[in-house]
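Written below as structure tokens is the structure these notes are about.
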2 protein chains.
Amino acid sequence: MEKQVTIYDLARALNLSTATISRALDDSPLVKPKTREKIRAMADKMGYRQNLIASNLRKQQSRTIGVLLHEVNSYFSTSVLAGIEKITTREKYDILIAHSGEDGEREIANTRNLFNKRVDGLIVSLAMSTVATDHFNPFFEQGIPVVFFDRVAKKMPCNKIVIDNFKAGYEATTHLLQQGYRRIAHITASLQRNVYEDRFRGYKKALTDHHIRFDPLLVESCSLNREDTLAVMHQLLKQKPDAFFITNDFAAAVCMDELQRSGIRIPEDIGMMGFNNDILGSLINPRLSTIDYPGTRMGETAAQMLIDKIKTKKNGKATAEHKSVIISSTLLIRESSVKKARQRRGHK
Amino acid sequence: MEKQVTIYDLARALNLSTATISRALDDSPLVKPKTREKIRAMADKMGYRQNLIASNLRKQQSRTIGVLLHEVNSYFSTSVLAGIEKITTREKYDILIAHSGEDGEREIANTRNLFNKRVDGLIVSLAMSTVATDHFNPFFEQGIPVVFFDRVAKKMPCNKIVIDNFKAGYEATTHLLQQGYRRIAHITASLQRNVYEDRFRGYKKALTDHHIRFDPLLVESCSLNREDTLAVMHQLLKQKPDAFFITNDFAAAVCMDELQRSGIRIPEDIGMMGFNNDILGSLINPRLSTIDYPGTRMGETAAQMLIDKIKTKKNGKATAEHKSVIISSTLLIRESSVKKARQRRGHK
DNA sequence: TTTTAAAATGTAATCGATTTCATTATAGAA
DNA sequence: TTCTATAATGAAATCGATTACATTTTAAAA
């Protein structure tokens, strides 16, 4: 392990003070252009690399953003991460990713951990089983900006990025109704989470708007993993549904597979509607109708919003405004929900 | 932004020196148990949190591991990350994830960046288009441990975690041959990368071992994204293959979908074999035969190996040994490659 | 009780960059 | 040329924890 070149080495080599070196490397107008040049050249020559740890200690920042996710193994999650990364890279922030595996306890532990790591800000999508949100209080108390996206805490005083889940649920259900489906089962997840609750409300509203009585027996909630999804699907099957509106593409694909294997035709016998526009949906047969949901843009927006907050905070102004951004989503009609004229070779 | 509690505050409150405080919080045997208790209690009471930035500066470490990936949006990548995370969490390391999107240039930039961030070690899987590997030299020069996994640099002097891709390719091909397929097309990717080259060699060896002449026209290389894969598949179709061995499940699923949509039956008309055991393969119809490839364990092994190296390095011993670990993979025979007795009852 | 080894604690330097508050150099004005 | 305002640079404190080395306490041995 060879020793690193520091600004002290540069100062000695050039017979200047560390103050000047530091300023030059930071492009400060306080140092004469000619001096700056010399310093730059020497830094290159000696292979100087700034020690960000020392810099961060002195500047009392970490230049790191914490990202708290419920899971990372979905297409949606990786899209969001890509969006976040795009912005943070440009703004020279690091990201520390923690995921809870949908476990509220782990979410609490991760939150504490990121707090201790002294992240400059936090981007969060809540775990399925999270109930209280006290674990975010240290951030609020310290004035560390927090931005929620997708699965947000309803009454929390901070910025939020969401889609209109109510509208999306309404449109998905309406589409199924227009295709002639009448007994639409709904597989959802914890109604504690805004996303699922709002979609569910949209579903109910669409039904009543079409003069169809909402039947609680046609709705089941589960973790959305393979086993649980199949269990509730079989439960729902007893109610003789003619369509499924499932709040997640992976779960929808699992159901479609199981149904088809037991001889049920989709969309002829049962219509199918997912949510999320996972790549998966474009590779199964029939192609899955779904709600397109721009993860990358959500991530970009969340990151930009957070960094803006961090910056304005640094300038002293404590911005107490908590704006919510609603990103648009679109209904994607493919094959699994279109009874007539099932067109072959539709791409994407 | 309230001010933080530091060990100086604790020292003042308890009329002790910061040295004792620091030692107590670090569970040093040098401090009397009773004193330790008191310090602990006061730390809790005052809401003390260690400043890792200061600690890291003093200890000349970052307690951060860099992870350099080619992509993060595959099931395999997220599995590896989960494995790495499991170990690093336990060992109290942070991870900084950078991905190149298969672009060699971006890989170089990311490598430099992680070096500047002073990561304590690096875990790498090479991008598709990487040729030279000079960008890792700074790590070697500084004695910073590097572990490669999966896509490794052949002649690089460091630890590696791989599966036996030659054997896997051999077994996959042999299986297809045993099922009676004779003209087996192979879709692969850059043969610069060990994984693809080894599988390809396995494929060729299996053919010759079964007295089938290797036909270069049956092999195409591409980026494995949707468009490119379909293009080379159509190219290969001209050679009238009766099976495909595709070096990646996603690409295999894309091909299967396209073939089925043009009326070709799988596995009756064309057999299909993927690689990676992506979840995808268990959701499509017929289920995709593939090579199971334990991403999580690879990640765990890589992380553990790296951390061991970091630790032994700290103890002064510069371990120059470069062991390679070979993780076992298994042939997973499902429906897409088994001609007879296909026991499903779907439509058609 | 004194001596001595071991245990416990303290002092102060250190990690490397940043920044406040001097101080010195320089250019233009008088 | 002298003065002054400004530009350029420097000295030293600072961020918070760690740790080599010094010092004091304590307990056991004599």
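Values below: every heavy atom of this structure, side chains too, minus hydrogens, waters and symmetry copies. Order of the sequence lines sets the chain letters (A, B, ...), proteins ahead of strands, with each chain counted from 1.
- When all heavy atoms of B:P138 and B:H135 are compared, the closest pair comes out as CD-O, 3.4 Å.
- B:D9 has a carboxylate O that lies under 4.0 Å from a charged side-chain N of B:R12, or vice versa, which qualifies the two as a salt bridge.
- In this structure, CG of A:N56 is placed 15 Å from C1' of D:dA17, rounded to the nearest angstrom.
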- Verdict with reasoning, A:Q4 to B:Q60, per side-chain hydrogen bond (donor to acceptor under 3.5 Å, both in side chains): CA-CA 11 Å; A:Q4 296 289 321; B:Q60 291 287 79; over 6 Å; no

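- A close approach under 4.0 Å does occur between a side-chain nitrogen or oxygen of B:S17 and OP1 or OP2 of C:dG10.
- No donor-acceptor pair closer than 3.5 Å links the side chain of A:R151 to the backbone N or O of A:S125.
- When rounded to the nearest whole Å, the span between CD1 of B:I39 and C1' of C:dG10 equals 12 Å.
- Applying the salt bridge (Lys or Arg N to Asp or Glu O under 4.0 Å) test to pairs two or more places apart or on separate chains, those with a residue in residues 103-117 of chain B are A:D94-B:K117.
- In plain terms, the two heavy atoms of B:R63 and B:D120 that are nearest each other are N-OD2, 2.7 Å.
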Kindly list each side-chain donor-acceptor pair under 3.5 angstrom involving residues 20-33 of chain A, sequence neighbours excluded, with atom names and distances?
unit_1, atom_1, unit_2, atom_2, d
A:T20, OG1, A:S17, OG, 3.4
A:S28, OG, A:L30, N, 3.0

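- Spacing between atom CG of A:L30 and atom P of D:dG10 amounts to 13 Å, rounded to whole angstrom units.
- Remark: C1' of C:dA8 and NZ of B:K38 are 12 Å apart, rounded to the nearest angstrom.
- Here the P atom of nucleotide C:dT11 and the CG atom of B:L16 are 11 Å apart, to the nearest Å.
- Looking at B:L122 and B:V147, their side chains never come closer than 4.5 Å, going by heavy atoms from C-beta outward.
- Remark on the helix from C:dT1-D:dA30 to C:dA30-D:dT1: inter-end axis angle 50°, axes from five-pair C1' superpositions, rounded to 10°.
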Could you list, one pair per line, each protein nitrogen or oxygen that sits under 3.5 Å from a nitrogen or oxygen of nucleotides 23-28 of chain D, together with the distance?
none

- Apply side-chain hydrogen bond (donor to acceptor under 3.5 Å, both in side chains) to A:Q304 and A:R90, showing your working. CA-CA 10 Å; A:Q304 193 60 64; A:R90 189 180 68 201; 2.8 Å; yes

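- Rounding to whole angstrom units, CD of residue A:E37 and P of D:dA8 are separated by 14 Å.
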- Query: Base, backbone or nothing for each nucleotide of nucleotides 12-18 of chain C, written B, S, -, heavy atoms under 4.0 angstrom, 5' to 3'?
  - Reply: BBBBBBB

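- Taking atom NZ of A:K34 as the reference point, atom C1' of C:dT26 lies 13 Å away to the nearest angstrom.
- Among the heavy atoms of the strands, none lies under 4.0 Å from B:D9.
- Residue pairs that meet the ring pair (Phe, Tyr, Trp, His ring centres under 6.0 Å) test with at least one member in residues 70-102 of chain B, sequence neighbours left out, are B:F76-B:Y293.
- Here the CD1-CE distance, from B:I307 to B:M305, works out to 12.5 Å after rounding to the nearest 0.5 Å.
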